[in-house]
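Presented below is the structure to which this report refers.
Convention: sequence-line order gives letters A, B, ...; per-chain numbering from 1. As the structure is a prediction and not an experimental result, all values here were calculated from the model.
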Protein chains: 2
Amino acid sequence: MPFSNNPNHNHLLAALPQEEFEPVAAHLELVTLRLGEILYEPDEQLQYAYFPTTAIVSLHYVMASGASAESAGVGNEGVVGISLFMGGDTTPSSAVVQTAGHAFRLARQLFKQEFQRAGLLQGLLLRYTQALLTQMAQTAVCNRHHSVEQQLCRWLLLTLDRLPSQELIMTQELVASMLGVRREGITEAAGNLQRAGCISYRRGHISVLDRTGLEKRSCECYGVVKKEFARLLCDVQYRQGLPNTIQQVFPQQPHHTAAFTRPDLTR
Amino acid sequence: MPFSNNPNHNHLLAALPQEEFEPVAAHLELVTLRLGEILYEPDEQLQYAYFPTTAIVSLHYVMASGASAESAGVGNEGVVGISLFMGGDTTPSSAVVQTAGHAFRLARQLFKQEFQRAGLLQGLLLRYTQALLTQMAQTAVCNRHHSVEQQLCRWLLLTLDRLPSQELIMTQELVASMLGVRREGITEAAGNLQRAGCISYRRGHISVLDRTGLEKRSCECYGVVKKEFARLLCDVQYRQGLPNTIQQVFPQQPHHTAAFTRPDLTR
DNA sequence: TCCGCTTTGTACGCCAGCGCACAGACCGGC
DNA sequence: GCCGGTCTGTGCGCTGGCGTACAAAGCGGA
């Protein structure tokens with residue numbers, strides 16, 4: 001698990017100007033999130049907002065039958081706990097750690113307070129929420145129309161964008177439960193991708209070898225979500241006077257362009 | 001098309017206290033929305049926010065292939081144009097009128113201004129947005145796991161809740177494009193529902209005869225969304241001193257309880 | 001080094017929903 | 001009352017993904 005004690009690894013925190021960052025920083029708490037850890041369950045009062053640095057959290061809904069599906073993921077680009085400032089406090093979905101790692105957390109009241117200040121943070125969080133909305137809407141469409149293989153590609157790419165490395169620590173079983181499909185479906189799709197040279201994997205480890213290949217095999221949904229995140233969140237200025245390590249986290253981003261005809265707004 | 005020149009028919013407008021409602025009311029503009037009318041398209045700058053009274057608007061995404069699917073609907077419980085106050089201004093999805101009717105619209109700048117005031121309206125809009133988020137997340141899950149018939153039931157119920165009557169003016173073709181399935185699939189599912197005595201229909205008209213029957217045949221998704229909307233938005237006090245006509249719009253709500261084991265929070 | 005648990009591979013039948021094609025029914029307008 | 005366009009019903013064959021079952025392989029700990 002890569003260690004990260006730099007709040008700047010989280011894009012939202014990194015985007016705050018010094019004067020807004022300092023009051024928050026004093027109360028940030030570095031926590032380790034373990035695979036499978038549950039940050040909140042349906043209708044449960046959330047006590048903290050989590051700003052992931054190296055961890056990835058999955059927002060998903062578990063049905064009465066036990067079947068489940070992810071509606072969105074949250075990594076270093078965002079924050080877990082939207083409902084705190086949106087006013088609902090709870091949600092019918094749950095948040096589960098999908099990739100172990102670190103996050104900074106901020107107590108509920110402080111988080112709400114900072115939002116209420118109506119400073120840059122508020123606008124930032126609202127724009128992030130809109131991006132999340134897009135991700136959910138696109139997931140709905142994708143679930144309706146695209147093949148398991150396409151969805152796997154989309155999901156791998158989105159996950160990869162949130163990680164510092166090319167490797168995911170993840171069993172096929174877990175991927176399947178994220179996408180809400182059978183484990184065997186993932187075995188088959190992953191097998192195809194491996195044969196095509198896009199990825200290679202062994203027991204619980206998936207390495208991406210050919211990112212462009214994945215983008216070609218993915219549906220348009222990845223591009224739509226990616227573009228929207230870039231549009232909504234990449235215009236923000238990163239705080240000056242502190243090391244901006246974001247570039248190290250997404251070393252491969254400049255290459256996105258190749259696979260998409262739309263202009264790349266990521267930079 | 002039922003006529004409605006009372007802003008109180010929209011729940012959000014009705015929930016505003018007199019002092020917040022008045023400055024807004026002066027600028028509300030009653031508009032007629034025709035079936036199929038497009039309120040905004042992907043990446044198009046939205047000029048107005050729309051508060052439907054009798055109209056229903058569908059937020060949906062059209063893919064490159066032409067296939068499409070709805071991620072959420074907006075009726076008299078909400079507002080079209082979230083992105084204006086969320087900060088993105090545009091979205092990758094479009095908004096199309098799914099049921100003809102009326103809405104009050106508010107110019108972009110005024111809408112933003114009122115949101116910025118950070119009064120009751122702001123909190124209300126944010127809570128509405130969270131409810132919308134839930135609807136999208138649930139649509140994603142539903143698309144993944146439930147049968148066309150279950151989804152049709154969910155969709156009919158959600159639409160019915162936004163209408164004053166028991167009848168939908170809607171061809172099967174249109175329903176199919178909302179759910180993102182084949183028209184024939186709807187013919188079959190609707191046929192089943194008719195044989196079961198839940199609905200009756202003729203060319204472009206669907207009448208609901210047995211609401212409870214629909215609830216029994218629907219998946220849990222309808223209940224989840226309904227409950228969340230109720231939780232997030234029904235605690236608001238309706239403005240005093242003006243006729244509150246909301247109850248006429250949802251005459252059947254008290255009967256929801258029968259079909260769901262969860263407590264009914266709608267009242 | 002070996003054992004045992006977890007993870008992955010493969011095979012089978014099954015069926016919901018798709019794509020296509022066309023027939024029949026309905027409704028509105030002339 | 002008739003006519004034409006729209007909407008609905010039905011019947012194919014096809015296929016992607018499901019459920020089930022079990023075998024093989026990999027990895028970690030003793």
Report task. By nearest nucleotide on DNA chain D, pick out whichever of A:Glu184 and A:His146 is the more 5' one. Result -> A:His146
Distances under 3.5 Å only, N/O to N/O: pair up the protein atoms with those of nucleotides 12-16 of chain C.
none

Query raised in the report: Hey, which of these two, A:Arg202 or B:Gly180, hits DNA chain C nearer its 5' end, going by closest nucleotide?
Result: A:Arg202
Query raised in the report: To the nearest angstrom, how far is A:Glu149 atom CD from D:dT15 atom P?
Result: 17 Å
Report task. Provide, to the nearest angstrom, the distance between the CG atom belonging to A:Leu174 and the C1' atom belonging to C:dT8. Result -> 15 Å
Query raised in the report: Are any of the side-chain nitrogens in B:Arg34 or B:Glu37 under 4.0 Å away from the carboxylate oxygens of its partner?
Result: no
Query raised in the report: Is there side-chain contact between A:Phe229 and A:Tyr128, with at least one heavy-atom pair below 4.5 Å?
Result: yes
Report task. Nearest whole angstrom, please: distance from the P of D:dG16 to the NE2 of A:His145. Result -> 17 Å
Query raised in the report: Any donor and acceptor pair, going by atom type alone, linking the side chain of B:Glu149 with main-chain N or O of B:Arg217 inside 3.5 Å?
Result: no
Query raised in the report: Could you state the CG-P distance from A:Leu179 to D:dG16, rounded to the nearest angstrom?
Result: 18 Å
**Report entry** Distance-only donor-acceptor check, side chains B:Gln172 and B:Thr187, under 3.5 Å
**Finding:** yes
Query raised in the report: Ignoring hydrogens and angles, does a donor from either the side chain of A:Arg183 or the base of C:dT7 sit under 3.5 Å from an acceptor on the other?
Result: no
Report task. Check the distance between D:dC18's P and B:Arg144's CZ and give it to me in whole angstrom. Result -> 7 Å
**Report entry** Rounded distance (Å) that lies between atom P of C:dT6 and atom NE2 of A:His205
**Finding:** 16 Å
Report summary line: Closest to the side chain of B:Thr171, out of D:dT8, C:dC26, C:dT7, is D:dT8
Query raised in the report: So, is B:Tyr201 near the phosphate of D:dG9, with a side-chain N or O under 4.0 Å from OP1 or OP2?
Result: yes
Requested in this report: Report yes or no: do B:Glu220 and A:Tyr61 form a side-chain donor-acceptor pair below 3.5 Å?
Outcome: yes
Query - Side-chain donor-acceptor contact under 3.5 Å, A:Gln150 with A:Ser218 - result: no
Query raised in the report: Looking only at side chains, do A:Thr90 and B:Arg231 share a donor and an acceptor under 3.5 Å apart?
Result: yes
Report task. May I ask you to evaluate whether A:Gln172 reaches the phosphate of C:dT6, defined as a side-chain N or O under 4.0 Å from OP1 or OP2? Result -> no
Query raised in the report: Can you check whether B:Ala140's main-chain N or O pairs, donor with acceptor, with A:Asn143's side chain at less than 3.5 Å?
Result: yes
Query - Strand contacts (DNA chain D) in residues 186-195 of chain B, 4.0 angstrom heavy-atom criterion - result: B:Thr187
Requested in this report: Verify the distance criterion only: is there a donor paired with an acceptor across the side chains of A:Gln151 and B:Arg144 at less than 3.5 Å?
Outcome: yes
Report summary line: Atom CD of B:Glu173 and atom C1' of D:dG9 are separated, to the nearest Å, by 14 Å
**Report entry** For atom CZ of B:Arg203 and atom P of C:dC26, their distance in whole Å
**Finding:** 9 Å
